[in-house]
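Read through the structure below, which is laid out as structure tokens, and then see the notes.
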Amino acid sequence: MVTTTLPGFSEPVHEAQRTFKGLLDALSHPGQLYSPTVKIIPPEGLTPICASACLTLLDLETIVWLQPTLPNTVKNWLGFHTGCQFSEWPQDATFAIIGDMSSQSSLPDLKDFNQGSAEDPEHSTTMLIQVQDFTSGIAQRLNGPGILESIEIAPNLPKTFWDQWTRNHHTYPQGVDCFLLSHNTVMGLPRTAKVLATCPQITH
Amino acid sequence: MIVSTDNLEPGFNFAYLDEQTKRSIRRSLLKAIAIPGHQIPFGSREMPMSYGWGTGGIQLTASIIGKNDKLKVIDQGADDTTNAVNIRRFFKKVCGVSTTEKTAEATIIQTRHRIPETPLRAGQTMVYQVPIPEPLRWLEPSEVETRKMHALSEYGAMYVRLYEDITQYGYIATAYDYPVMVNDRYMMRPSPIPRFDNPKLHMSEALQIFGAGREKRLYALPPYTSVKSLDFEDYPFTIESWGKACEFCGATNSYLDEVVVDNHGGRLWICSDTDYCSQRQSAQRQNAAAVSVVNTSSVSPEIFKNGGNRS
Amino acid sequence: MTDVIADVITSIAERQRWMGTLAKASLPDLEKQVGKLGKLPAYDFLRSPETGLAMVRGKAGGVGDLFNLGEITLTRCVVCIDPIVGFGYVAGRSHRHAELAALCDGLLQQRGWYRLVMASVIEPLTQQQQQAVAQQQRQTASTQVEFFTMRRGE
């Protein structure tokens, strides 16, 4: 039974490499924007960069939690192209895909996802969060590894996210890591990224 | 120069590893960056060379390298030793990427036991070949225990070891693989680089990743990460100094290898970083030519004449 | 599209047979037979050819518990001859082989192509493969030794 008629990468090896390099750079430089060039027709519900990230990172060994508001096309497309498993329990997820952060009723708290253990903090969930843009949200100033001094960002995310993020940072080395993905641009937010202040004027 | 990927060794996937393996290493790499200095197990594969020849580093390089990358490989600072030449040739064969000996030109630098003297820049990736990733291994043989020690940040034993050095020798005698604390949380083994190179790890502009093939562990340092070499207030961390200059380029601030040159105990010192040394020599030649000044520096011993080619 | 021939695939077993034949054919033989089909319809890759590993599992005597025999290199590919989807799974690393196998699988599901592909690709290849097996068996049989003193255990 074929569940999708949309192709994956046309050059699987090189497009996955380019996407991965973008994700690697993004996570190594939290708050900076990267736009790896990849041609892809995403299924309804995913942006091109989010779809590329899924093809690059997911396979038989990964368990994916999908935000319930995402259309079925996403699940079918991922199932066909990556063979990943799905779970309804955030606690099981190696990856979580979130289409809309403002739909709070369909979203668990960040702490409900897998946090990893003290000995294996790397077992925590990686969140792929789709955002409208990186300019219209609440401005935040971050520092931490990968950031020289500090950096200001304003992705379109609700305030509750930043409250949860601060708690997430406090549980370090446990906690989740995020990729924020717009149409074709990605920003990394590893658990080490610390929110310094929630206002545009701040000196470091 | 970009080599056409059509001329690659047929029958191999690009960069030798299959895509499934790359994906699993890539996922581990992302987690390693999110938890700087923490060792993460990965499904290390059999490579077409034996353990101890850099199979960990090679797998990391294979997982990140792309068609347009420029690869530099060094072994103890040298581009022209067997290990470096063979790894470079391997990637040329399975990726068709271009390679270089110049630190500044490379996008990926795979290294065994040195960090280049030329400062690394943003956008470069250092890949370290690691024999033993666990800093606590010689203090606590059990993996179960060392994992607990990392979880609890229980690193007292290492300080005791360094203190024993001081009581025995009067100074911290550890010369290479000198333990560091990363981001004030994890103790990390920087692979057997000389402690001379430890300060270069701190707040580096480049991404640094570490792979141990036999031990099946990888770890990472994102750019601009605090890396502190362990020490005591009254015995601060210091790096080696030789009070000598490189025989070829005259450098006094680079890591120098001591070379015995005859049967009478004659010896000299030369830069371990061959690229750094030859860049300096060619700059000096150009300067000399420009101002027409005769070079009056000491004459090299017989075996090192003709430009100091050590290969 | 109406010329999907669900009625011609009388059973999954039939599709398994042709996929098996396509997978076991050598690439030059397959190229030669596909060449005889004339002008082929346009097709896209739904999943571009990719090489990976697959675990081969077996059952002792065909009845026991599953055990892992070992990994083999496998190349797979999915083509879309709108709207029909053809799958190719072949042992080894040949992307072209997987592509041709997927293409034939796609064509065999279409009324307009079924007979032609059966006649000029599947049947000749099946015949070749049967002959090869038969020849192998004859060669093996000729090495059989009859002992006077022992009963063979069959």
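Chain identifiers are assigned alphabetically (A, B, ...) following the order of the sequence lines, protein sequences preceding nucleic acid strands; residue numbering begins at 1 within each chain.
Scanning both residues, A/Y172 and B/A34, for their nearest heavy atoms gives CE1-O, 3.9 Å. Residues A/P12 and B/E19 share a closest heavy-atom pair of O-OE1, 4.3 Å. Between A/A118 and B/A151 the shortest heavy-atom distance is O-CB, 3.5 Å. Shortest non-hydrogen contact noted between A/T192 and B/P36 is CG2-CD, 3.8 Å. Nearest approach of B/P222 to A/P145, heavy atoms of both residues: CG-CB, 4.1 Å. Contact detail for B/I33 and A/L24: the closest heavy-atom pair is CD1-CD1, 3.3 Å.
Residue with the most contacts toward chain B among A/G188, A/A193, A/P121: A/P121 (heavy-atom pairs, distance under 4.5 Å). Comparing B/K22, B/H150, B/Q39, B/K148 by heavy-atom pairs within less than 4.5 Å of chain A, the highest count is held by B/K148. Contact count against chain B (heavy-atom pairs under 4.5 Å) is highest for A/L58 among A/D25, A/L58, A/T94, A/L60. Highest contact tally toward chain B, considering only A/T62, A/L27, A/T56, A/L189, is held by A/L27 [criterion: heavy-atom pairs under 4.5 Å].
Residues that satisfy the side-chain contact (heavy atoms from CB on, under 4.5 Å) test with A/E15, not counting sequence neighbours, are A/F9, A/S10, A/E11, A/R18, A/V38, A/K39.
Contact check for A/F20 versus B/I25: no side-chain heavy atoms found under the 4.5 Å cut-off. The shortest side-chain heavy-atom distance between B/N68 and A/K21 does not fall under the 4.5 Å cut-off. At a threshold of 4.5 Å between non-hydrogen side-chain atoms, the residues A/E61 and B/R23 do not count as touching. The shortest distance between side-chain heavy atoms of A/Q17 and B/R26 falls below 4.5 Å.
With a 4.5 Å cut-off on non-hydrogen atoms, B/R147 touches chain A through its backbone and its side chain both. Looking at B/L152, there are no atoms closer than 4.5 Å to chain A (heavy atoms on both sides), in backbone or side chain. If you measure heavy-atom distances from B/L207 to chain A, the contacts under 4.5 Å come from the side chain alone. With a threshold of 4.5 angstrom between heavy atoms, A/T126 approaches chain B through its backbone and through its side chain. At a 4.5 Å heavy-atom cutoff, the contact between B/S63 and chain A is made by backbone atoms alone. Of the two parts of A/H29, only the side chain, counted from C-beta on, holds a non-hydrogen atom closer than 4.5 Å to a non-hydrogen atom of chain B.
Listed by first and then second residue, the salt bridge (Lys or Arg N to Asp or Glu O under 4.0 Å) pairs involving residues 183-195 of chain A are A/D177-A/R191 (not counting sequence neighbours).
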Kindly indicate, with the supporting measurements, whether the criterion side-chain contact (heavy atoms from CB on, under 4.5 Å) is fulfilled by B/K31 and A/H123. CA-CA 8 Å; B/K31 284 301 182 192; A/H123 289 173; over 6 Å; no
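With no hydrogens or angles considered, a side-chain donor-acceptor pair links A/E122 and B/H38 at under 3.5 Å.
More than 12 heavy-atom neighbours from other residues, nucleotides or ligands sit within 6.0 angstrom of CZ on B/R121. Summarising the local packing, CD1 of A/I41 is surrounded by 12 or fewer heavy atoms from other residues, nucleotides or ligands at distances under 6.0 Å.
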